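Chain letters run A, B, ... following the sequence lines, proteins first, then strands; residues in each count from 1. Note: hydrogens, waters and symmetry copies are ignored here, and every other heavy atom, side chains too, is used. Just so it is clear, the structure is predicted and the values come from calculations on it, not from any experiment.
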2 protein chains.
Amino acid sequence: MVYRRTHQVVKRLAARRSAILTAARDAAAEGGMAAVQIAPVAVRANVAAGTVYRYFPSKADLISELIAEVSRDELAAIRRAADAAPGPSSALAAAVTTVAVHVISQRKLAWGILAEPVDVDVTASRLASRREIAGEISGRIDAAVRAGHLPAQDTALAATALLGALHESLVGPLAPDNTDDPGRLRDAVQTVTLLALRAVGVMDARARGLVVQAVLPAKTLVGA
Amino acid sequence: MVYRRTHQVVKRLAARRSAILTAARDAAAEGGMAAVQIAPVAVRANVAAGTVYRYFPSKADLISELIAEVSRDELAAIRRAADAAPGPSSALAAAVTTVAVHVISQRKLAWGILAEPVDVDVTASRLASRREIAGEISGRIDAAVRAGHLPAQDTALAATALLGALHESLVGPLAPDNTDDPGRLRDAVQTVTLLALRAVGVMDARARGLVVQAVLPAKTLVGA
DNA sequence: ATCAGGCCTGAATTGTTGTTCAGTTCTTGA
DNA sequence: TCAAGAACTGAACAACAATTCAGGCCTGAT
């Protein structure tokens, strides 16, 4: 054998794989999942259509991995924000705010990851993504309950409902399209966060403080 | 001219159109929107594939009309339930409960109408459907606010968020699949309704009364 | 420089459904 | 019973993207 998997080759292969995934992500961010088609993605990544299949067995696998990747990033951001908060309640508020800020600042991508029609089956991947995020939120609610800040409740159901509220009101078809205006965006984030927190039993007065605390730091995540 | 649109003919045509729509609805209720394909629907309706196109210009039109029809039914049910309630707050509770009961008792259909990927563009129709339902809920929230039962708020956003919470937690991919057990179903409806009402500012103690009042009558709508 | 071996290319293939339409069947009024 | 006109049939067509693969290209060891 005269051709071997040199370190350099391995690195190039990994870079290419990453380029394809990034191309897919960019396409999704620009035009939603509908724009994630093999040929255009290949062009974006500077490879031929066939090459995509050397890295991903099928389009379903490509999109599944895209969903998983975005999900991982989001989960990490949520954890970071929540862990930086001083107590369970503000951790929950920070987590919720982080989700809100993320989805509102990448609406097309969020919509694609969450709910946009795709021609291949990515149910499993979407399910896993939701489970991860909902699990994290559920845990934060639970912590607040254990700390006596919230009434006892079905935290898994609450987390799911809460995410549904955020998603529908910020990236759903009825979401107000304040395309850019940062002020309106922040208002929307605040309003919806408040609503979500009230749903799980956070008292109004307290919530306002938590939300204000949470929104400002989370803003810095937009660029990340 | 020797062939004319006799009353009998008109009736038969209307019946056929209705049969096709019903076939589509049944297919959607059984297998989601994915099952609404021209050929199978035609078989169900006892017509040939081509005949469908004498009644609906395209598949998109067929599905759009299906969505509109289901939406009309739901809106009517919501109004009926809310109008029968003694006051604004219980009207809101009744409206929310009605939505919850409907979606949970026809999950596949609801998922198809609301969010399931479809290969044709039905965005406009889905948007209209959401607008109608959200508008109704928004109006009910507004009435409760005007009655002084709820704090002032962006009722449109609240209605959207509230519906998102209901849908995601009852028919979304993370919804607990208590396939049949009526007890569990009622529990889920109650829990989520309570959560939704809290989100818009209904006080807990009061909410329990409202929810219990609302769930029982709404149960009778399942069969309708 | 050489060549073995995998990597990349991109045009052709495949598969899936919505849609069409020429021919057939049915309905109506005379 | 018959002619005119409309509705129905269902096989053929069209369109669109995902997927394949034969041939060329590049990389790395000798």
Salt-bridge criterion met for B:Asp83 and B:Arg140 (N-O under 4.0 Å): yes
Whole angstroms only, please: what is the [atom1]-[atom2] distance between [X] and [N]?
{"X": "A:Tyr53", "N": "D:dA18", "atom1": "OH", "atom2": "P", "value": "6 Å"}
{"X": "B:Ile38", "N": "C:dT20", "atom1": "CD1", "atom2": "P", "value": "11 Å"}
{"X": "B:Lys59", "N": "C:dT19", "atom1": "NZ", "atom2": "C1'", "value": "12 Å"}
{"X": "A:Arg17", "N": "C:dC7", "atom1": "CZ", "atom2": "C1'", "value": "16 Å"}
{"X": "A:Ile20", "N": "C:dC7", "atom1": "CD1", "atom2": "C1'", "value": "12 Å"}
{"X": "A:Gln37", "N": "D:dA17", "atom1": "CD", "atom2": "C1'", "value": "7 Å"}
{"X": "A:Leu62", "N": "D:dA17", "atom1": "CG", "atom2": "C1'", "value": "14 Å"}
{"X": "B:Phe56", "N": "C:dT17", "atom1": "CZ", "atom2": "P", "value": "21 Å"}

N/O-N/O pairs, protein side and nucleotides 8-10 of chain D side, under 3.5 Å:
| unit_1 | atom_1 | unit_2 | atom_2 | d |
| --- | --- | --- | --- | --- |
| D:dC8 | OP1 | B:Arg16 | NH1 | 2.8 |
| D:dC8 | OP1 | B:Tyr55 | OH | 3.2 |
| D:dC8 | OP2 | B:Tyr55 | OH | 3.2 |
| D:dT9 | OP2 | B:Ala48 | N | 2.6 |
| D:dT9 | OP2 | B:Thr51 | OG1 | 2.5 |
| D:dG10 | N7 | B:Gly50 | N | 3.4 |

Just verifying a value: how many Å separate [X] [atom1] and [Y] [atom2], rounded to the nearest 0.5 Å?
{"X": "B:Ile133", "Y": "B:Leu162", "atom1": "CD1", "atom2": "CG", "value": "12.5 Å"}
{"X": "B:Gln106", "Y": "B:Ile113", "atom1": "CD", "atom2": "CD1", "value": "10.0 Å"}
{"X": "B:Glu136", "Y": "B:Leu92", "atom1": "CD", "atom2": "CG", "value": "10.5 Å"}

Short side-chain to backbone donor-acceptor contact, A:Gln190 and A:Val211, under 3.5 Å: no
Full working for side chain to side chain contact (heavy atoms under 4.5 Å, CB included) between A:Val118 and A:Arg126: CA-CA 11 Å; A:Val118 189; A:Arg126 277 185 169 155; 3.6 Å; yes
Sub-4.0 Å heavy-atom contacts from residues 113-124 of chain B onto DNA chain C, ordered by number: B:Asp119
Between protein and nucleic acid, restricted to nucleotides 12-14 of chain C and to nitrogen or oxygen atoms under 3.5 Å apart, what atom pairs and distances do you find?
none

Pair B:Arg79-B:Leu75, side chain to side chain contact (heavy atoms under 4.5 Å, CB included): steps then yes or no: CA-CA 6 Å; B:Arg79 290 211 171 118; B:Leu75 187 58; 3.8 Å; yes
Between A:Asp61 and A:Ser58, a side-chain donor and acceptor under 3.5 Å: yes
Donor-acceptor side-chain pairing of B:Thr155 and B:Ser138 below 3.5 angstrom: yes
Residue pair B:Ile78, B:His102: steps toward the side chain to side chain contact (heavy atoms under 4.5 Å, CB included) verdict: CA-CA 10 Å; B:Ile78 294 171; B:His102 270 226; over 6 Å; no
Verdict with reasoning, A:Lys59 to A:Val52, per side chain to side chain contact (heavy atoms under 4.5 Å, CB included): CA-CA 9 Å; A:Lys59 184 184 173 181; A:Val52 174; over 6 Å; no
Short side-chain N/O contact from A:Gln8 to OP1 or OP2 of D:dT27, under 4.0 Å: no
